[in-house]
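One structure below.
As the structure is a computational prediction, the values presented were derived from the model and not from experiment. This chain uses plain numbering: 1 for the first residue, then up along the sequence.
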Amino acid sequence: MGDAVFEEKIETLPLVDHHCHGVVRGDLGRAAFESLLTEADEAGELGGSLFHSRIGFAVRRWCAPVLDLPVHADPEDYLARRAELGAAEVNRRFLRAAGLEALCVDTGYIPDSLLEPAELGGLADAPAHEILRLETLAEEVVADGVGASAFAGEVRTRLEARAPRVAGFKSIAAYRAGLELSGKRPSGEEVTKAAGRLLRDTERGLAGCDAPPRIQDEVLHRFLVWCACDIGLPIQFHVGYGDAEADLRRGDPLLLTGLLQELSRKNVPVMLLHNYPFHRNAGYLAQVFPNVFVDVSLGTHNLGDRAPVILAELMELAPFGKVLFASDAYGLPELFHLGALQFRRGLGRVLAEGVAEGSWTERDAARVAEMIASGNARRAYRLDERF
């Protein structure tokens with residue numbers, strides 16, 4: 001089988017998207033569409049159009065045919081066709097084109113404008129499982145008026161109640177406190193004091209500007225991770241690349257080393273999400289810790305034609321049984337399609353080059369492709385066992 005045939009075979013593999021979000025249920029104008037092509041709060045005008053970027057060119061190359069347009073259709077024609085079809089049909093086409101066999105959907109932020117997990121699953125014709133964001137649940141506990149002394153117990157109770165219905169948990173400590181989290185489990189006294197500080201800050205915020213509770217204390221982030229660990233479901237960590245709120249200097253996964261050392265003793269899967277530009281560091285962590293899994297998610301569609309490079313660099317050290325697919329699609333259904341397509345193409349190229357160089361056989365490559373496409377995620381999340 002030649003390289004082209006092998007890569008074509010991989011491009012049809014069904015995928016488990018282990019980290020994604022909802023998409024917009026309504027129609028979008030050009031400004032709104034372009035703002036969702038970037039991690040910025042808004043696209044802005046000084047830098048020109050987002051269509052003049054790798055992801056913009058990828059949309060015109062790979063998404064246009066899904067809307068019955070020629071490749072490299074002009075942005076104006078692309079957006080006009082999108083409006084003509086309407087959001088419901090556009091969402092259906094791209095979710096179905098992604099070729100997914102399961103989705104794990106982060107529900108930490110789902111405004112009314114976004115589709116819920118069940119709706120995404122219906123469009124993709126695949127089961128959609130919830131990933132519960134730890135900080136969101138804890139902030140709900142505070143908003144419900146639970147006092148500092150009862151905070152820890154109420155968080156544990158709510159997590160345990162939700163656990164049978166979710167595929168895993170997610171921490172966004174990288175956005176709030178950074179990833180340099182101690183490996184030590186916080187004491188009850190430490191958690192109560194930290195919860196008290198949060199309650200006082202929240203009361204001052206509510207009095208001044210109607211601000212909702214916001215977990216930012218390293219102790220509370222660490223407490224939430226240990227609560228999730230005790231339940232035993234996979235724990236996702238946002239790592240690296242994110243929006244302008246994330247301080248990338250504090251997003252290097254190597255900062256998690258102390259915590260990962262402790263979590264590895266519990267045999268709970270830890271999923272390092274995104275990782276760019278620290279994907280090589282993440283690959284190293286996946287090699288040295290038996291419970292660490294990695295992806296490059298939104299890096300694949302943002303890098304466009306450079307996606308094979310980031311995937312190859314991730315796979316330099318990461319054991320192939322620890323590499324997962326994720327789109328991290330948010331807002332635009334195109335990102336589900338682009339993430340899946342660019343990942344398959346990149347994986348096919350990396351594995352085909354290995355076959356050509358004699359690094360592994362074609363049979364080995366086919367098995368690895370199936371593992372990374374879906375098998376690793378099914379095993380780590382126990383999807384076949386739990387759902």
*Is the His19 to His274 ring centre distance short of 6.0 Å?*
yes

*Hey, what do you get for CG (Leu37) to NE2 (His301), rounding to the nearest 0.5 Å?*
9.0 Å

_For Gly304, is there any backbone N or O sitting under 3.5 Å from a side-chain donor or acceptor partner on Arg54?_
no

*Spell out, as yes or no, whether a donor-acceptor pair under 3.5 Å connects the side chain of Arg92 to the backbone of Leu123.*
no

*Check the angle between the aromatic planes of Phe151 and Phe223 and answer parallel, tilted or perpendicular using the 30° and 60° thresholds.*
tilted

*Check step by step if ring pair (Phe, Tyr, Trp, His ring centres under 6.0 Å) holds for His18 and Phe325.*
CA-CA 6 Å; His18 91 110; Phe325 165 70; 8.3 Å; no

*asked:* Between Lys170 (side chain only) and Leu132 (backbone N and O only), is there a donor and an acceptor less than 3.5 Å apart?
replied: no

*Backbone N/O of Ala87 and side chain of Asp27: donor-acceptor pair under 3.5 Å*: yes

*asked:* Using the side chain to side chain contact (heavy atoms under 4.5 Å, CB included) definition, which of the options Leu79, Leu85, Asp77 pairs with Arg81?
replied: Leu85

*At what distance, to the nearest 0.5 angstrom, does SG of Cys227 lie from CZ of Arg158?*
13.0 Å

*May I have the step-by-step check of side chain to side chain contact (heavy atoms under 4.5 Å, CB included) for Asp328 and Leu273, ending in yes or no?*
CA-CA 9 Å; Asp328 191 35; Leu273 309 176; over 6 Å; no

_Please find the pair of heavy atoms, one from Glu218 and one from Ser182, that lie closest to each other, and give the distance._
OE2-N, 2.9 Å

*Would Phe57 and Trp62 satisfy ring pair (Phe, Tyr, Trp, His ring centres under 6.0 Å), going step by step from the backbone distance to the final call?*
CA-CA 9 Å; Phe57 283 111; Trp62 299 108; over 10 Å; no

_Contact check, side chains of Tyr175 and His238, non-hydrogen atoms, under 4.5 Å_ = yes

